[in-house]
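Each chain gets a letter, A, B and so on, in the order its sequence line appears, and its residues count up from 1.
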Amino acid sequence: MSDSALLRPGAGPDDDLVTPSSGGPAGSREDAAGDPRAQAGAQGAALAGAEGSRPRLLLVDGHSMAYRAFFALPVENFSTTTGQVTNAVYGFTSMLINVLRDEAPTHVAVAFDVSRETFRAQEYAEYKAGRAKTPAEFSGQVGLVKEVLAALRVPVVEKEGFEADDVIATLTTQARAQGFEVLVSTGDRDALQLVDDATTVLYPRKGVSDLVRMTPDAVEERYGVRPQRYPELAALVGETSDNLPGVPGVGPKTAAKWLAAHDGLDGLVAEVDQLKGKAGQSLRDHLDQVLRNRRLNRLVTDLDLPVVVDDLVVAPWDREEVHRVFDALEFRVLRERLFATLATPEPEAEGGFSVRVARPRGAAEVRRWLDALGDAAVGVHVLGRWGAGTGEATGLALAAADGTAAWFSLAAAAGKAGTDGEGPAEAADGPAEGSVLDDEGRAVLATWFADPGRAKVVHDAKGPLQALAGAGLAVAGLAGDTALAAYLCRPDQRSYDLADLALRHLHRELRVEEEEREQGEEEPQLTLDVDGPATPEGAPDPAPGAAVRAAAVAELDDVLAAELAERGGTALLAELELPLVGVLARMEARGVAADGAQLRALEDQFAATVEEQAEAAYAVIDRRVNLGSPKQLQEVLFEQLEMPRTKRIKTGWTTDAEALADLLVKTDGHPGSGFLVHLLAHRDASRLRQTVEGLLKTVAPDGRIHTTYQQTIAATGRLSSTDPNLQNIPIRTEEGRRIRRAFVVGEGYESLLTADYSQIEMRIMAHLSGDEGLVEAFRSGEDLHSFVGSRVFAVEPADVTPAMRSKIKAMSYGLAYGLSAFGLSRQLRIAVEEARGLMDEYFERFGGVRDYLRGVVDEARSTGYTETILGRRRYLPDLTSDNRQRRDMAERMALNAPIQGSAADVIKVAMLGVERAVAEQGLRSRMLLQVHDELVLEVAPGERDALEALVREQMAGAAELSVPLDVSVGVGTSWHEAGH
DNA sequence: CAGTTGTACAG
DNA sequence: TACTGTACAACTGA
């Protein structure tokens, strides 16, 4: 196997590549996909068609089909947000899924060419020469095709020195001998020589979705010869794609006629002298070339391959890997199609959960049950709903990892349940009142929940905690959160769904495998499945499903804690993220007061401006269009008004504000420039109106806006804010700032206080890089950008002009984002050369920064991850991608992640400190909002000075850096006034 | 009706 | 060809 490779997904060197072995305990490996048990027994069952019928082998020429797809699908419609072009992968994958579905093969493989150094090129140096160089955008996709195949567990077969066709011919020959039916999917006509009664070539007619079945009759109809004769015909006619010239003056018609008349090429050659006319002479002149063509297009059928046909049994695909790969490629629809059209193999799941559900209701029962729990953390799963800072719980399950579980019905508000967040939407406990926890039982449960010594583990705890609080159950002792743990392990994931985690880390489906009643329980209507028979009252019994989830959480907690420990994240979870859960829950619950009247007045005003500007714009172009439609705007600007084209985007030319401003400068005096002015004004007002309307919709009955913080979204460790997003309230324009004025101090409080870190990212960069100049800049207390500017431009700090300062500012911040000279030149609207000069000068003066930035990428490349000051990791596998776009993107992420992430660490520490100190000092003031480097607090009467001191101390002291953490504080009756 | 695209706001 | 997010309207396609 030294000169060939059989590539299989996630296979380490020890793996038997072809026949997954069985045995080995679950969890014995880190990688769920590699768990042999997960696959055992499922072989062939997933995709196979009618069992017992003739076996069918599907062979695909990977290179050929992907290449077809590359030219069939427009590049501009297929690329990821990171810029990776995916048209070939998409087309190939789509084709593969269709063929697997339609043909239901029992065996499958994809063959690839290994290199151009084939025996054919050795015989004929011009073989395949003259082909346009493979576009780089295509080459980069071959690896991705292989990733998809790995995820689908479709074996890839290659043989050094041979083409995919030879591999296919060899496998076809073997399979036919074993009585297989064979399907060959390729865009290479050489494969037509393989066609016979048992072998069909699926040849792409147009693109890759439309495949023609080339049977012997179809070949004959199309080319006039039987399939075995096809290569003889091709030898005569030539094959331009392989740079094999044919006999001049001889086309397929003549060639077919000759072959028929002389019983093939051998006969034709023997009788070549008898041929008449120009064509005959031409053949005689080119006979050597024809014979060479025939040698070259003869496929090799006896290669020594590392696999035999029996190894190619269709295997269940790797669900986790499919998610990962399809996510990365942003193939949402395709993934849906995969799961919808090809029965999911469920390979990773080896079963569900066994639970024994008790239903204690009275105090004694509850106490006895709780006491019976060991010391291990207890999984908690809450049913109910939550969001925007509040919630109500209708029931909850507690479970130990061994499946011992209890269900507690809190069904006070039955009937309208449905959850916000991860829990299943289920009605409140259906059964009669008797099953609801009684008041004394509830009190016992409340005591247990409030006991910090009783460890609880919850999945995505913030919402459930709010729901429990709504039910009078305050929770202390949150010892784990499986969503947070998973996030810290792999912060780039799209979601941390409990079912997915259970599958990935426990290799089990989130379902009830078996439920036993607890000893002494008399509960006749238990059902075995959440979706199973309904209880007499008509509602499904929520207990088993909740119990399973609680048990899964308890079990997952152990596994994830171990994984997190390996990644050095234990303290980060226990000391930062977990304590923060409660802090965020309280901040959400508090909300921030909104001045409704002011918001409504703004809404009217912005709406009026929108109206005016729209009318004015229509007047210029003499018609009404939808100014919010980029498509219609393009028509107006570039066709009707014939303005110069802007930057290209997928759907034409951009109409974004930056481009329009450029256009305005260029077209000053142009009859349509008035349109631009009104359009821009319309955009601004319309955006502001939207923002205000959005905010108004979220004002709660208490007159406050309660955002929801997401703790597991941003890959760098930042929080995010949704519904509404309070982290992007306008501030840069005067109009926008008026919205901030509508965020006001609430009743019973005297003011709002904002406290923000100044230049925290630059300070972190100074700390991490240790650059002496930058460190000195911060220690000097001088204005940062003036200080840096004075060094870069070699002038006194006082002589740094505003223009110089703003250039420096842009550059300093850009550096942390991986800014290029090109990017800087665009940002500053200066020449690339000038930008490059600026950067060179900058790095000359602050060489430590350059060394640091370089080093951080190098280290990430070798370790696979970046790290923040608190050890928060971000894994960036694309750093070693052979695709430049992806690699560059990953490098910029690597530059930015430690800086942005460390800043996130720092403010999170500060938040814990502020919350704790406020409590310790017995202040009534409270923290309301976090905006990445800023905290907003509501000041209780008389506490202003104490609060300011406390906040400054906690924020400045949140980390020990080599430069001071400067905090600026402002106070006022609105967010705007408190700002600075 | 769900998903994608373009635009725009924040740090 | 600057990182991290969220929201919205328009458009697209199953």
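In this structure, A:Arg687 does not reach the B:dT7 phosphate: none of its side-chain N or O atoms is under 4.0 Å from OP1 or OP2. Between A:Arg826 and C:dA2, a side-chain N or O to OP1/OP2 separation shorter than 4.0 Å is absent. At the phosphate of B:dT7, OP1 or OP2 sits under 4.0 Å from a side-chain N or O atom of A:Thr654. Contact annotation: A:Ser720 side-chain N/O to C:dT6 OP1/OP2 distance is under 4.0 Å. In this model, the phosphate group of B:dT7 is approached by a side-chain N or O of A:Thr655 to a distance below 4.0 Å at OP1 or OP2. For B:dA8, the OP1/OP2 oxygens have a side-chain nitrogen or oxygen of A:Arg683 closer than 4.0 Å.
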statement: 5' to 3', nucleotides 9-14 of chain C under a 4.0 Å protein heavy-atom cut-off (B base, S sugar-phosphate only, - none) gives SSSS--
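Partners of A:Asp966 according to the side chain to side chain contact (heavy atoms under 4.5 Å, CB included) rule, which considers only residues two or more places apart in sequence or in another chain, are A:Ser758, A:Arg763.
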message: Counting Watson-Crick and G-U wobble pairs with both distances under 3.5 Å, what is the dot-bracket string for DNA chain C, 5' to 3', using [ ] for crossing pairs and | for pairs to another strand?
response: ..|||||||||||.
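The distance between atom CZ of A:Arg648 and atom P of B:dT5, rounded to the nearest whole Å, is 15 Å. Summarising the geometry, the separation between CZ on A:Phe822 and P on C:dA2 is reported as 7 Å, rounded to the nearest angstrom. Between A:Leu815 atom CG and C:dA2 atom P the separation is 13 Å, expressed in whole Å. To the nearest angstrom, P of C:dA7 lies 17 Å from CG of A:Leu688. Here the C1' atom of nucleotide C:dT4 and the CD1 atom of A:Ile907 are 14 Å apart, to the nearest Å.
The base of C:dA2 lies outside donor-acceptor range of the side chain of A:Arg892, with no N or O pair under 3.5 Å.
Residue A:Leu819 is in base contact, counting any heavy-atom pair closer than 4.0 Å across all strands shown.
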